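Here is how names work: the chains are called A, B, and so on, in the same order as the sequence lines, proteins then strands, and each is numbered from 1. No experiment lies behind these values; they were computed from the predicted model shown.
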Number of protein chains: 2
Amino acid sequence: MELTEARQKFIEAWGKLGSEWGINRTMAQVHALLLISPEALTTEEIMESLSISRGNANMTVRDLINWGLVEKQHKPGERKEYFFADKDVWNIARQVAKERRKRELDPVIKILDELSKVQGDAKDPAFKTFNKSVTDINKLAKNVDKTLETMIKADENWFWGSVLKIFK
Amino acid sequence: MELTEARQKFIEAWGKLGSEWGINRTMAQVHALLLISPEALTTEEIMESLSISRGNANMTVRDLINWGLVEKQHKPGERKEYFFADKDVWNIARQVAKERRKRELDPVIKILDELSKVQGDAKDPAFKTFNKSVTDINKLAKNVDKTLETMIKADENWFWGSVLKIFK
DNA sequence: ATAAACTTTCATTATATTTTGAAAGTTCGA
DNA sequence: TCGAACTTTCAAAATATAATGAAAGTTTAT
């Protein structure tokens, strides 16, 4: 396989994985493209490479910037904006963990906390079952939350060193 | 808040979280409903509770069974099928991890392995960048894979005991 | 102040995903 | 073997999500 084809495959695979995990396919593809691009790219180049419209390219890049995965770059003497992705995979993983925690896990924990407080008849099976599930999920969610927090704060060596060693 | 409203909120929240993570909203809602139901339910009851069609209820329940999250139950003397969800949150988490690994992570690792083998000019920045990203992501993916495998095999105490302790 | 170069917006269009429900299929007891 | 009770299928419809591109907005140099 040659580089051009391989790059294409990588972009496709990253896009597919993203969409399976609730991330816009195009956003994942733009990210993939920037990941394998040695130089920062313009909106124009992104549009061209992925055959997408200007509007789409613009919004997608903006989203990636909001996710903390991509940054703007300005070249001296040029009006155009260039974009490049952080190439450090560990940073990327942490950044994604951070954003999804904030956007999705935190709100769910808030709701679970409320639902945990609901009072009811301890003899009622409907209440007992509801309460057990909510309480258990709440505990799990909080543990995941703590784990993510630690991961987000930790540096790479700490993580691979202390944690993965355990998982052999 | 009273139980009926709380149950509703839980189903909604679970559905929303599911859809944000690439799991069909209805599937997550049916799962939530079964989770908080002390007794196994019929298709009819699921349709009624969630206001969904027979076809949708049927397919969704089948999917949940394929995911290993729900089981059929037969009551003596009755033709109808009853469905109930495993209530053990740790099992649920493991089951989801197992299925998604098989369906999504494994195929991606296969592609990354291929892409890692692509040869190119070591002086070419395009090749160097491509190669670094692919190699790094491959390593991360394999570590995640190993971690999931260990988690899937492990029992609950082992997990909360040895791992979460580290995360304080 | 103007115009060229560039970026952003958003109503419309296109695509992808999900749901419906009637028909077909299956199972079981009489 | 029949038919009632129940389950499954799947083409069509509905809904939700994403993309387009022309117009509006912004910035900068002159």
Engineer: Holding to side-chain hydrogen bond (donor to acceptor under 3.5 Å, both in side chains), I want the full list of residues that pass it with B:E104, two or more places apart in sequence or in another chain.
Structural biologist: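 So B:E104 forms a side-chain hydrogen bond (donor to acceptor under 3.5 Å, both in side chains) with A:W21, B:R100.
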Engineer: Which is it for B:F10 and B:I36 under the side-chain contact (heavy atoms from CB on, under 4.5 Å) test, yes or no, and what are the steps along the way?
Structural biologist: CA-CA 9 Å; B:F10 177 72; B:I36 59 177; 3.6 Å; yes
Engineer: Once you round it to whole Å, what is the distance between C1' of D:dA5 and OH of B:Y82?
Structural biologist: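 Taking atom C1' of D:dA5 as the reference, OH of B:Y82 is at 13 Å.
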Engineer: I need the full list of salt bridge (Lys or Arg N to Asp or Glu O under 4.0 Å) pairs touching residues 34-50 of chain B, with sequence neighbours left out, sorted by first then second residue.
Structural biologist: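 Sorted result for residues 34-50 of chain B: B:E44-B:R54.
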Engineer: Output all residues satisfying salt bridge (Lys or Arg N to Asp or Glu O under 4.0 Å) with A:E81, sequence neighbours left out; order by chain, then residue number.
Structural biologist: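 By the salt bridge (Lys or Arg N to Asp or Glu O under 4.0 Å) rule, A:E81 matches A:K72.
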Engineer: So which protein N/O to nucleotides 25-30 of chain C N/O distances come out below 3.5 Å?
Structural biologist:
from, atom 1, to, atom 2, distance (Å)
C:dT27, O2, B:R79, NH2, 2.6

Engineer: Does OP1 or OP2 of C:dT7 have a side-chain N or O of A:N58 closer than 4.0 Å?
Structural biologist: no
Engineer: For side-chain contact (heavy atoms from CB on, under 4.5 Å), just list the numbers for A:F83 and A:V61, CA-CA rounded to whole Å, side-chain angles, deciding distance to a tenth of an Å, and then say yes or no.
Structural biologist: CA-CA 8 Å; A:F83 304 98; A:V61 164; 3.3 Å; yes
Engineer: Checking A:D145 now: which residues fulfil salt bridge (Lys or Arg N to Asp or Glu O under 4.0 Å) with it, not counting sequence neighbours?
Structural biologist: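 Result, salt bridge (Lys or Arg N to Asp or Glu O under 4.0 Å) vs A:D145: A:R101.
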Engineer: Which pairs would a plain distance check flag for residues 25-33 of chain A, meaning a side-chain donor or acceptor within less than 3.5 Å of a matching protein atom at least two apart in sequence or in another chain?
Structural biologist:
from, atom 1, to, atom 2, distance (Å)
A:R25, NH1, A:S19, OG, 3.1
A:H31, ND1, A:W14, NE1, 3.3

Engineer: Take A:M59 and A:F83, find for each the nucleotide of DNA chain C with the closest heavy atom, and name the residue whose nucleotide sits nearer the 5' end.
Structural biologist: A:F83
Engineer: Using whole Å, what does the distance between atom C1' of nucleotide C:dT19 and atom CD of B:Q29 come to?
Structural biologist: 13 Å
Engineer: Taking side-chain hydrogen bond (donor to acceptor under 3.5 Å, both in side chains) as the test, write out the residues that go with A:D86, two or more places apart.
Structural biologist: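 In terms of side-chain hydrogen bond (donor to acceptor under 3.5 Å, both in side chains), with neighbours along the sequence ignored, A:D86 is linked to A:N91.
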Engineer: Which nucleotide, D:dT7, C:dC6, C:dT8, lies nearest any side-chain atom of A:R54?
Structural biologist: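 In terms of side-chain proximity for A:R54, the closest of D:dT7, C:dC6, C:dT8 is C:dT8.
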Engineer: What is the distance, to the nearest angstrom, from the NZ atom on B:K80 to the C1' atom on D:dT8?
Structural biologist: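 After rounding, the gap between these two atoms is 18 Å.
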Engineer: I need the CD-C1' distance between B:E78 and D:dA4, as an integer number of Å.
Structural biologist: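 The answer, rounded to whole Å, is 15 Å.
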Engineer: Tell me, please, which residues at least two apart from B:K123 pass side-chain hydrogen bond (donor to acceptor under 3.5 Å, both in side chains).
Structural biologist: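 side-chain hydrogen bond (donor to acceptor under 3.5 Å, both in side chains) list for B:K123, sorted by chain: empty.
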Engineer: Enumerate the residues from residues 13-26 of chain A whose closest heavy atom to DNA chain C is under 4.0 Å, giving them by residue number; use none for an empty result.
Structural biologist: none
Engineer: Rounded off to whole Å, could you give me the CE-to-C1' distance for the B:M27 and C:dT19 pair?
Structural biologist: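 Going from CE in B:M27 over to C1' in C:dT19 covers 16 Å.
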Engineer: Please report, rounded to the nearest Å, how far the C1' atom of C:dT12 is from the CG atom of A:N56.
Structural biologist: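 After rounding, the gap between these two atoms is 15 Å.
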Engineer: Output all residues satisfying side-chain hydrogen bond (donor to acceptor under 3.5 Å, both in side chains) with B:E20, sequence neighbours left out; order by chain, then residue number.
Structural biologist: none
Engineer: Considering only heavy atoms, which members of residues 31-53 of chain A lie under 4.0 Å from some atom of DNA chain D?
Structural biologist: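 Residues of residues 31-53 of chain A that come under 4.0 Å of DNA chain D are, in numerical order, A:S51, A:I52, A:S53.
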Engineer: Do any side-chain atoms of residues 128-135 of chain A form donor-acceptor pairs under 3.5 angstrom with protein atoms, and if so which ones, sequence neighbours left out?
Structural biologist:
from, atom 1, to, atom 2, distance (Å)
A:T129, OG1, A:P125, O, 2.8
A:K132, NZ, A:D136, OD2, 2.5
A:S133, OG, A:T129, O, 3.4
A:S133, OG, B:L35, O, 3.1
A:T135, OG1, A:N131, O, 2.5

Engineer: Rounding to a whole Å, what distance do you find between B:I65:CD1 and D:dT7:C1'?
Structural biologist: 12 Å
